[in-house]
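Here the structure is laid out as structure tokens; the discussion comes afterwards.
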Amino acid sequence: MNPGYHEMGPIRPPSEGRDRSLLLRVTRNCPWNRCIFCATYKNKAYGLRAVEEIKRDIDTVSALAEGLKVTSWRLGLRGNITAEVVAYFVRRHPDRYGEGGAAPEVVRRRLESLYNVAGWLASGARTVFLQDANALQYPADRLVEVLQHLKGTFPSVERVTSYARSKTLARKAPDVLRRLRDAGLVRLHVGLESGCDEVLAFMQKGTTAAEHLLAGRKALEAGMELSEYYMPGLGGRRWSEKHALESARLLNEIGPHFIRLRTLVPRPGTPLLEKVRSGEFALLSEDEVVEEIGLFVENLHCRTYLASDQMSNLLWEVEGRLPEDKPAILQAIRSYLEKPLHERLAVQLERRLSSYLMVWGSLPPPLEREVEEAWESVRREDPAAAAKVQRVLERVKQAFV
Ligand code: SF4
């Protein structure tokens, strides 16, 4: 029986959120699931979804899209998908979306599915993201079949992307990658995290710098666009410099289209947070992370686009095309680091809180009080201000997504 929604996993890259991509789940969770800094799929079993199940999801999306378009025309909006169209559609189908119908969990999934489809249509139905953590693990023949059904159903789709682990990518034969590329999978997001083998081993990434290089080259040779994620702070105090230099060197060798910064935030429930608490891993301060990013950028010499499109990053202005924008990016880093301490603390509070509020809307009262105290301390240039801000930011960042 069709449940009335298409299944979606928990995350997608921020760039796919910005493009309002359709989320299509081909695998569930992560086949590796051992990186000690990652909590996304902890305690969740990995699995492949059946081709028929995914095709049924595509057909569900098609039916929802049709329903939304008909509703739009009925409202005189000429096929445009607006909030009014979605609200009307929901009201017209109380059996699907009303409280008296299905179980609350099913209704929640139906609404999420509908909002994803509506956002995707409103943005032109051009981009699709295959979930979850490593769609390349899906057998290539079957993935091609899924891609053909997707593109046959929605000829408007121009770009299909997915996450890929370097370990998996490095093992793929070049002709298999080209077949996937020709079938429509044109961009891969790879969690490089670091180009330093000590860091990769400590974090149990399950991949080496050499495999990252091979994987990146294979993706590019197959004609795919490549987006690599670098995680500032992942080397901690011990490897910060090496992490920055070796990551820059590796990325120079790969030459990806995009390098995306995703600063380390230790997540509750991860082995890394335990190591932080036990003193086995020393976290960098906000300022030290900015210094590390400066060293990283200084040593990047490849032609690429550097993006800071994740809420974990403090300085959103560390973004631009390289090498052209490198001087401006380095200047932005210098101007932050040259500010007096209380001004840097004010930037930290302001930026981190605005990211938090963007997602959650307001602060819970106990945290709000702590934030006010931290602000007061910064305004008075109190010597205890740095410690207060750090305490507050640790709590604020736990809620980052
Ligand atoms: S491979 Fe990616 S999703 Fe899987 S555990 Fe590591 S960071 Fe998390």
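Indexing begins at 1, ligand by ligand and atom by atom, following the structure's order. Being a predicted model, the structure only gives us computed values, none of them experimental.
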Set of residues satisfying salt bridge (charged side-chain N to carboxylate O under 4.0 Å, His left out) with respect to Asp309, sequence neighbours excluded: Arg260
Among all protein heavy atoms, pick out the one at the shortest distance from atom 2 (Fe) of ligand 1; state its residue, atom name and that distance to 0.1 Å. Lys205 NZ, 4.0 Å
Using a 3.5 Å cut-off and no angle test, enumerate the donor-acceptor pairs between side-chain atoms of residues 354-363 and protein atoms at least two apart in sequence or in another chain.
from: Ser354; atom 1: OG; to: Arg351; atom 2: O; distance (Å): 3.3
from: Ser355; atom 1: OG; to: Arg351; atom 2: O; distance (Å): 3.3
from: Trp360; atom 1: NE1; to: Ala399; atom 2: O; distance (Å): 2.9

Keeping to distances under 2.8 Å, can you name the protein N/O/S atoms close to atom 4 (Fe) of ligand 1? Cys30 SG
Between Tyr230 and Ile293 (side chain of the first, backbone of the second, donor and acceptor by atom type, cut-off under 3.5 Å), is there such a pair? no
For the pair Asn313 (side chain) and Leu315 (backbone), establish whether a donor and an acceptor sit closer than 3.5 Å, ignoring hydrogens and angles. no
Donor-acceptor contacts, no H, no angles, side chain residues 77-88, under 3.5 Å, sequence neighbours left out:
from: Asn80; atom 1: ND2; to: Leu77; atom 2: O; distance (Å): 3.2
from: Thr82; atom 1: OG1; to: Glu84; atom 2: N; distance (Å): 3.4
from: Thr82; atom 1: OG1; to: Val85; atom 2: N; distance (Å): 3.3

Salt-bridged, Arg56 to Glu7, with N to O below 4.0 Å? no
